[in-house]
Amino acid sequence: MNNSQLFGGIEAGGTKIICIVGSGPDHILERIRIDTTTPEETLQNVIQFFQPYTSAGKIASIGIGCFGPLDLDPNSPTYGFIASTPKMRWRGTDVLGILQRALKVKTAIDTDVNVAALGESRWGASQGCDPALYMTIGTGIGGGYIKDGQALIGMQHPEMGHIQVLHDLKRDPFPGACPFHGDCFEGLASGPAIEKRLGARGETIRADNPYWDIEADYIASALRSYILILSPRKIILGGGIMDRAFLFPLIRQKVLESLNGYVESESLLKSIDEYILPPALGNQAGSLGAIALAQQACA
Ligand code: ZN
């Protein structure tokens with residue numbers, strides 16, 4: 001693969017879709033933002049953007065990081081379809097097939113969070129660290145686990161936001177906001193859960209509000225499980241809630257307390273500031289990760 005080879009990247013979110021053409025962070029040829037409306041209109045706009053490139057044979061492949069849940073079982077007849085999303089108009093949309101048939105170029109799809117994890121691992125904060133974990137803590141909570149350069153997919157993609165975390169009902173009587181599990185990690189610690197509990201959005205809640213200590217406990221409780229099960233060499237915490245930078249030292253300290261010296265790794269015990277850290281690609285992790293996914297599809 002030479003540096004001049006171009007790829008397409010699509011970061012598909014619930015409100016906007018970013019499409020880029022390029023080969024990496026230092027070489028982005030074109031970038032557009034499309035509003036997410038109906039599947040028909042939105043995907044038509046995406047196709048229109050890429051068509052001049054694909055019809056001229058200028059793009060080797062396209063990667064899509066898409067909101068989900070997605071069907072990622074390659075043996076399933078609905079592989080690459082959006083599954084049970086609350087965005088009703090998009091439920092059952094064959095995102096992969098529609099784009100692939102229209103653009104006639106090799107196309108790969110994965111979840112938005114897996115693709116952002118891939119971007120951070122290729123060009124961002126977890127570059128050179130494998131395996132690595134990337135979490136997004138915002139409107140929802142999800143995690144992407146990169147091992148041997150690939151995002152982990154099993155029978156489906158992982159749903160790391162829905163694990164159980166320690167919930168002391170005396171300290172935090174909030175029953176949780178997940179429609180499936182109530183007080184799972186996402187049900188307790190996502191942006192909407194905070195808003196429902198405190199009546200204010202996370203970004204407007206003062207740093208000295210005692211709730212943040214509880215929030216950091218939930219995040220640390222989840223990280224403890226991920227560290228023990230997945231043993232990542234780096235953990236990146238992104239998403240709207242993690243824009244509150246004061247949470248990082250709190251979470252690091254609570255992770256160390258919770259593991260209580262059991263995992264004897266220098267990167268954890270001596271340099272936890274470098275072990276749990278914010279993303280390096282900012283809001284570009286998704287679109288660049290989609291380029292990395294496209295490159296993998298060609299490898
Ligand atoms: Zn849940």
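Both counts, for ligands and for their atoms, begin at 1 and track the order of listing.
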Among N, O or S atoms, H162 approaches the Zn ion (ligand 1) most closely through ND1
Going by chain and number, the hydrophobic cluster around F81 (ILVMFWY, side chain to side chain under 4.5 Å) further includes none
In this structure, the Zn ion (ligand 1) sits at the vertex of an angle between SG of C178 and SG of C184 that rounds to 10° as 110°
For residues Q164 and S225, determine if any side-chain heavy atom of one lies less than 4.5 Å from a side-chain heavy atom of the other.
no
For E257 and Q253, does a side-chain donor sit closer than 3.5 Å to a side-chain acceptor?
yes
Output the distance between atom CZ (R197) and atom OH (Y211), rounded to the nearest 0.5 Å.
3.5 Å
Among the N/O/S atoms of H181, which is closest to the Zn ion (ligand 1)? Give the atom name.
ND1
